[in-house]
Amino acid sequence: MKRVITIILAMAMALSICSVAYAENVEGNKPSVTYPATTPDPDNFKITASASNRVFQENAGSVNMTIDIKNESEYDVILAAIQPSGGCIISATGNDTIPKNSTKAVNITAALASSGNAAGTLTLIFNVPYGDSSDPSYGLVTASCGDFSIVRSPSATEAPQKEDSEFRVRTSSVDSNGVCVLTPSGDYGDQLDVRLPLTCTNGFVYDLKVTPVLSNDIEKFPFDIDLVDYTLSYPGSIGRGQVVEFLYHLRLSKKATVGVKQVDFTVTYRNDDGDLKSGTVSLFVNVRKGLAPSSDKDTTASVPKLIIEGYKLSSDKIYAGETFDLEFTIKNTSDSTNLQNVQIHIKDAGETATIVPASGGSNTLYVSKIGKGQSSSQKVSLQTAPDAAAKAYTLNVDFSYESASTNAAHTANETIAVPILQKIRLKCDDPVVYDDVSYLDSSTSMSVRMYNMGRSSIYNCIIEVEGEGLQLEESYFGGTLSAGSTLAADISVIPSVAGDIQGTVVISYEDVYGEPGEERLPFTLHVEDPNAGMETMEGMDGTGAEGMEGGMTDPGADDSSKGFPWWGWLIGAGALGGGGFFGFRKLKKRRARSLEDDV
């Protein structure tokens with residue numbers, strides 16, 4: 001049972017906040033209740049509801065009822081929902097607070113079915129507030145009332161007429177409380193609450209829907225069109241004489257002209273037979289302050305123009321995430337009219353704002369007066385988004401102002417381009433030399449790894465080397481290094497000077513605007529000459545025999561071998577073996593580097 005009551009209460013609360021039926025809650029009308037700290041026990045409550053066998057009269061499909069509710073508990077209770085069962089009542093509403101240990105007469109409004117006099121029973125559902133008054137909790141208790149009767153009007157028991165030649169819905173001059181609904185009024189650019197009260201003139205209507213007739217003609221629809229669909233609905237039925245209200249939040253266009261405008265709305269509903277009917281209702285909107293009507297030749301013959309005469313940015317390079325100042329000069333181009341109440345609004349033209357007012361600043365400026373032909377200099381501080389892409393962005397500068405002589409309102413628009421850069425953040429590892437020893441006029445393998453840590457691409461990456469006697473075996477062009485990516489460049493350096501050579505890897509690149517940048521990475525090569533000492537060995541050829549005391553010779557040696565002694569062959573074989581060893585070692589390192597790159 002508690003679960004059923006909870007579901008019923010949730011449905012009642014959902015209907016009460018439906019956006020299509022307008023209701024205004026006034027702070028002063030809220031019931032005063034107490035909030036006991038203890039959790040209420042529904043079994044300890046004694047709440048009774050009685051109509052004392054009263055007879056209630058139906059009026060246009062509804063009936064007003066008075067029910068006495070007696071609360072004999074120690075808690076204040078609030079009537080939250082009413083659930084009818086049996087009989088002709090299809091829905092009922094009421095809202096009141098019954099203090100603890102008291103009896104109170106509560107007014108209830110019930111909607112009736114199309115026929116029948118059986119009264120039925122009402123189950124009243126109460127909220128019991130407790131706990132913290134700023135954030136209270138609620139319990140639920142119920143009471144039933146069935147000792148009443150309902151008398152139907154003679155016309156209400158007759159079969160519904162099927163004539164639909166008359167459209168059954170029209171605008172009402174008063175709301176559901178009988179209070180007169182005023183014409184919405186405002187100045188161009190103002191946000192208006194447009195109230196549209198509708199009433200049923202005959203029988204019942206169901207599934208009522210309202211849609212404003214949109215138009216590009218500012219005289220027919222003087223509001224900004226911000227939504228795709230403006231349709232509002234009333235889900236229940238509406239009987240004869242009943243008033244329901246629809247509420248629209250609309251902003252008067254800055255191009256709206258002065259005067260009273262008729263705004264049309266398309267209304268659809270279903271009748272008793274389920275047939276869909278459609279018609280048009282209208283209301284009027286008063287634009288108190290706006291542009292001069294286009295038909296007014298005296299005011300449109302010469303419209304004073306307000307333009308941006310020039311502007312400058314506080315820095316030649318504006319990087320994403322930085323704050324900058326925009327200074328600009330506006331000029332009244334008219335030579336006959338002074339301008340007053342000049343309002344300047346600056347905003348990013350993009351869907352997602354990349355340029356916004358700086359912290360503590362504003363993007364709206366005000367100038368009380370600009371004389372004919374005169375200028376006014378203004379300054380505003382703006383900030384760019386840290387993740388802004390490197391490109392030029394457009395700022396819209398909207399002007400609204402008045403002619404001092406006629407008070408006619410005017411608008412104008414200018415644009416300003418702001419180029420934004422992303423800072424280049426290129427990180428490079430130290431160059432890796434794969435050979436411990438380099439040889440003169442032979443290639444030495446090296447590797448350089450780069451990381452683009454910024455949010456913008458780096459273009460035209462070129463790698464070169466500098467150093468005494470150093471040159472690349474072939475030039476290296478890395479092209480574009482996109483944001484968040486890495487590049488591993490393998491290069492071969494050929495030294496032409498022996499010894500410990502100090503070199504530099506030079507990485508040059510450009511940003512999106514072609515501005516050059518450079519990274520310099522030092523390295524050291526140990527270069528040896530593989531032919532060093534060969535001249536000394538050649539000088540030893542043929543001198544050994546003559547240098548030996550006593551002219552000692554090998555009596556068994558052939559004369560043909562005297563040109564190159566035996567120890568010369570031995571040294572040559574050793575040199576050849578050493579060259580093979582270093583060649584094998586270099587080949588092994590290149591093989592290891594190849595395997596590492598594959599991984």
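No hydrogens, no waters, no symmetry mates; every other heavy atom, side chains included, goes into these values.
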Heavy-atom closest contact ([X] atom, [Y] atom, distance):
{"X": "Q422", "Y": "A390", "value": "N-CB, 3.9 Å"}
{"X": "Y230", "Y": "Y248", "value": "O-OH, 2.7 Å"}
{"X": "V77", "Y": "I47", "value": "CG1-CD1, 3.8 Å"}
{"X": "V181", "Y": "V174", "value": "CG2-C, 3.9 Å"}
{"X": "I150", "Y": "C88", "value": "CD1-SG, 4.2 Å"}
{"X": "P222", "Y": "V263", "value": "CD-CG2, 3.9 Å"}

Exercise. Determine, step by step, whether D229 and T231 satisfy the side-chain hydrogen bond (donor to acceptor under 3.5 Å, both in side chains) criterion, reporting the C-alpha distance in whole Å, the side-chain angles of both residues, the deciding distance to 0.1 Å, and the verdict.
Key: CA-CA 6 Å; D229 187 6; T231 302; 2.7 Å; yes
Considering only heavy atoms from C-beta outward, does the side chain of [X] approach that of [Y] to under 4.5 Å?
{"X": "V194", "Y": "L283", "result": "yes"}
{"X": "F126", "Y": "I98", "result": "yes"}
{"X": "V260", "Y": "V285", "result": "no"}
{"X": "L208", "Y": "T268", "result": "no"}
{"X": "V205", "Y": "N271", "result": "no"}
{"X": "V128", "Y": "V141", "result": "yes"}
{"X": "D193", "Y": "P184", "result": "no"}
{"X": "L196", "Y": "E245", "result": "no"}

Quiz prompt | Test side chain to side chain contact (heavy atoms under 4.5 Å, CB included) applied to L140 and T142, step by step | solution = CA-CA 7 Å; L140 294 177; T142 62; over 6 Å; no
Have [X] and [Y] got a donor and an acceptor in their side chains that come within less than 3.5 Å?
{"X": "E219", "Y": "T257", "value": "yes"}
{"X": "H410", "Y": "S403", "value": "yes"}
{"X": "T280", "Y": "D264", "value": "no"}
{"X": "S376", "Y": "Q378", "value": "yes"}
{"X": "N64", "Y": "T109", "value": "yes"}
{"X": "S381", "Y": "D325", "value": "yes"}
{"X": "Q191", "Y": "R251", "value": "yes"}
{"X": "N71", "Y": "S73", "value": "yes"}
{"X": "N413", "Y": "D398", "value": "yes"}

Calculate, to the nearest 0.5 Å, the distance between atoms [atom1] and [atom2] belonging to [X] and [Y] respectively.
{"X": "I125", "Y": "Q83", "atom1": "CD1", "atom2": "CD", "value": "6.5 Å"}
{"X": "L291", "Y": "S253", "atom1": "CG", "atom2": "OG", "value": "8.0 Å"}
{"X": "L306", "Y": "I330", "atom1": "CG", "atom2": "CD1", "value": "5.0 Å"}
{"X": "D96", "Y": "I67", "atom1": "CG", "atom2": "CD1", "value": "12.0 Å"}
{"X": "L326", "Y": "I346", "atom1": "CG", "atom2": "CD1", "value": "5.5 Å"}
{"X": "S237", "Y": "L112", "atom1": "OG", "atom2": "CG", "value": "10.0 Å"}

With distance as the sole test, does [X] use its side chain to make a donor-acceptor pair with the main-chain N or O of [Y] at under 3.5 Å?
{"X": "R54", "Y": "T66", "answer": "yes"}
{"X": "Y188", "Y": "A409", "answer": "no"}
{"X": "N177", "Y": "V179", "answer": "no"}
{"X": "S215", "Y": "K220", "answer": "no"}
{"X": "Y319", "Y": "P386", "answer": "no"}
{"X": "T201", "Y": "R168", "answer": "yes"}
{"X": "R288", "Y": "V258", "answer": "no"}
{"X": "D175", "Y": "G178", "answer": "yes"}
{"X": "Q383", "Y": "T354", "answer": "no"}

Quiz item: Using 30° and 60° as the class limits, which term best fits the ring planes of F223 and F221: parallel, tilted or perpendicular?
Solution: perpendicular
Exercise. Can you label the angle between the F246 ring and the Y234 ring as parallel, tilted or perpendicular, going by 30° and 60°?
Key: perpendicular
Practice problem: Take atom CG of N216 as the centre, draw a 6.0 Å sphere, and report whether it contains more than 12 heavy atoms from other residues, nucleotides or ligands. | Solution: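 Count not over threshold, so no.
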Quiz prompt | side-chain hydrogen bond (donor to acceptor under 3.5 Å, both in side chains) between N407 and Q340, intermediate numbers included | solution = CA-CA 9 Å; N407 288 331; Q340 64 184 14; 3.0 Å; yes
Quiz item: For the side-chain contact (heavy atoms from CB on, under 4.5 Å) test, which of T121, I82, L122, I108 pairs with I89?
Solution: L122
Practice problem: For the pair S50 and D147, evaluate side-chain hydrogen bond (donor to acceptor under 3.5 Å, both in side chains) and give the outcome as yes or no after the intermediate values. | Solution: CA-CA 7 Å; S50 173; D147 56 340; 2.9 Å; yes
Quiz item: Would K104 and D68 satisfy salt bridge (charged side-chain N to carboxylate O under 4.0 Å, His left out), going step by step from the backbone distance to the final call?
Solution: CA-CA 6 Å; K104 189 171 185 180; D68 298 322; over 6 Å; no
Practice problem: Quick one: do L192 and L252 satisfy side chain to side chain contact (heavy atoms under 4.5 Å, CB included)? Show the steps, please. | Solution: CA-CA 7 Å; L192 297 186; L252 284 172; 3.7 Å; yes
Quiz prompt | D348 and V356: CA distance, side-chain angles, deciding distance, side chain to side chain contact (heavy atoms under 4.5 Å, CB included) verdict | solution = CA-CA 7 Å; D348 193 335; V356 297; over 6 Å; no
Quiz item: Can you list the steps and then say if H345 with N363 is a side chain to side chain contact (heavy atoms under 4.5 Å, CB included)?
Solution: CA-CA 6 Å; H345 184 68; N363 59 344; 3.4 Å; yes
Exercise. Assess the pair Y401 and Y366: is the distance between their ring centroids shorter than 6.0 Å?
Key: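 No: the rings miss the under 6.0 Å criterion.
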Self-check item: Trace of the ring-ring contact (aromatic ring centres under 6.0 Å, His included) decision for Y269 with F167
Solution: CA-CA 10 Å; Y269 64 86; F167 192 66; 5.2 Å; yes
Quiz item: ring pair (Phe, Tyr, Trp, His ring centres under 6.0 Å): which pairs involve residues 66-89, sequence neighbours left out?
Solution: F45-Y75
Quiz item: Hey, are E72 and K100 close enough for a salt bridge, meaning a charged N less than 4.0 Å from a carboxylate O?
Solution: no
